[in-house]
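Here is the structure we will look at.
Reminder, nothing fancy here: chain letters follow the sequence lines and each chain counts from 1. Keep in mind it's a predicted model, so treat the numbers as computed, not measured.
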Amino acid sequence: MVTNITNLGRSGLSDWLIQRVSAIILAVYAVFMVLYLLFHPGLDYATWSGLFSQTWMRIFSLLAFISIAAHAWVGLWTVSTDYLKQTGARFAFQAVVMLAIFVFLVWGVQVLWGA
Amino acid sequence: MSTLQISIYRYNPETDSVPYMQEFELDTQGRDIMVLNALEMIKQQDSSMAYRRSCREGVCGSDGMNMNGKNGLACVTPLSEVVKDNKLVLRPLPGLPVIRDLVVDMGVFYKQYESIQPYLQNDTTEPTMERLQSPEEREKLDGLYECILCACCSTACPSFWWNPDKFVGPAGLLQAYRFLADSRDTATRERLARLEDPFSLFRCRGIMNCVAVCPKGLNPTRAIGKIREMLLSNAT
Ligand code: SF4
Ligand code: SF4
Ligand code: FES
């Protein structure tokens with residue numbers, strides 16, 4: 001058993017599951033978005049912001065954002081442990097990724113519930 | 001047919017500061033011999049050439065090497081299967097430290113094999129005669145027990161190249177499943193617990209290089225999938 005403290009789920013199994021589940025959520029969200037844009041050809045600001053003022057859409061979007069955050073972390077963490085063999089460089093990379101994901105997530109929440 | 005051009009990876013740590021490729025010419029007299037036969041003919045030209053071999057019939061697993069970019073056993077690979085444009089490039093198995101020429105240090109490969117505890121474990125009282133298995137239970141071991149530990153698969157696996165100390169690799173995982181699938185083994189929980197971390201099994205990315213090169217036609221990717229299913233049903 002290989003121990004590790006920086007991966008998301010603390011176990012390979014939960015990381016694997018997180019990756020599959022978040023991928024499904026993102027696929028559903030992407031399909032929804034494409035269909036929505038297809039069915040609203042001359043989309044204007046009022047309709048667009050109307051969509052995002054509904055609670056279910058905000059929850060759906062937040063779910064997608066959290067999925068992106070988790071998916072990106074598991075994926076990039078894996079990349080860093082494959083290719084960055086020097087501990088300092090790997091840790092720095094992981095810190096930058098973590099910070100970026102955190103910033104984007106907070107920003108996303110602000111966009112969804114702000115304005 | 002003109003003579004075959006063979007290019008071989010040479011490295012003798014006692015005399016060479018860096019490895020180099022040495023060119024040989026070989027007249028096979030138009031016969032489709034095995035790569036190992038060709039190597040033996042070359043050894044007559046240059047007796048310093050080092051490689052491993054023993055059974056010369058695909059049983060011992062000692063002559064795994066990289067032939068024109070693909071891992072395989074030299075003794076059961078006919079020239080016609082690998083030679084392109086009359087050229088053959090022979091290199092040691094990728095990703096393992098080279099001891100000399102085509103001979104690699106398999107230490108890390110065996111260590112991973114050892115980590116899965118490749119022996120039957122059963123904590124119930126021993127029967128007087130033997131532990132019986134039904135034909136159906138025995139059938140589950142087909143496609144698993146035949147592995148000859150040649151390391152062709154693990155050394156073709158990028159995940160094993162990057163983390164040979166942490167990722168068990170296809171050969172070890174195939175054997176891990178061989179004991180998980182055995183009706184006579186009772187250490188299932190302990191075996192699964194050792195594979196749950198992010199590296200030992202989950203570093204497998206399903207690239208299936210292992211399946212593409214196995215000289216015994218085995219399928220480590222399928223075994224890895226089965227272990228993952230067992231882990232999942234155990235944990236949810
Ligand atoms: S699974 Fe196949 S390629 Fe891998 S070590 Fe066993 S026999 Fe060799
Ligand atoms: S399927 Fe898995 S074990 Fe096989 S080569 Fe790909 S990553 Fe390696
Ligand atoms: S020499 Fe034994 S497998 Fe090739």
By side chain to side chain donor-acceptor pair (under 3.5 Å), which residues pair with A:Ser61, not counting sequence neighbours? A:Tyr29
Determine whether more than 12 heavy atoms belonging to other residues, nucleotides or ligands lie under 6.0 Å from atom CZ of A:Phe102. no
Could you please state which residues from residues 81-94 of chain A sit under 4.5 angstrom from chain B, measuring non-hydrogen atom to non-hydrogen atom, sorted by number, or 'none'? A:Thr81, A:Asp82, A:Tyr83, A:Lys85
Quick one: are B:Pro198 and A:Trp77 in side-chain contact, heavy atoms under 4.5 Å? yes
Quick one: which of B:Leu232, B:Asn234, B:Asp197 gives a side chain to side chain contact (heavy atoms under 4.5 Å, CB included) with A:Leu13? B:Leu232
Which residues share a side chain to side chain donor-acceptor pair (under 3.5 Å) with A:Asp15, sequence neighbours left out: A:Asn7
Within the supplied structure, the quantity of interest is the number of heavy atoms (other residues, nucleotides, ligands) at a distance under 6.0 Å from B:Glu23 CD; does it exceed 12? yes
Counting only heavy atoms not in A:Arg20, do more than 12 sit closer than 6.0 Å to its CZ atom? yes
Does atom CZ of A:Phe104 have more than 12 heavy-atom neighbours, drawn from other residues, nucleotides or ligands, at distances under 6.0 Å? no
Quick check for you: among B:Leu231, B:Asn163, B:Leu201, which has the greatest number of heavy-atom pairs under 4.5 Å with chain A? B:Asn163
Chain A neighbours within residues 203-229 of chain B, where any heavy atom lies under 4.5 Å away: B:Arg203, B:Arg205, B:Arg228
Is B:Arg191 atom CZ crowded by more than 12 heavy atoms from other residues, nucleotides or ligands, each under 6.0 Å away? yes
Looking at B:Tyr119, I want to see if its OH is surrounded by more than 12 non-hydrogen atoms of other residues, nucleotides or ligands under 6.0 Å. yes
More than 12 heavy atoms of other residues, nucleotides or ligands under 6.0 Å from CD of B:Glu126: is that the case? no
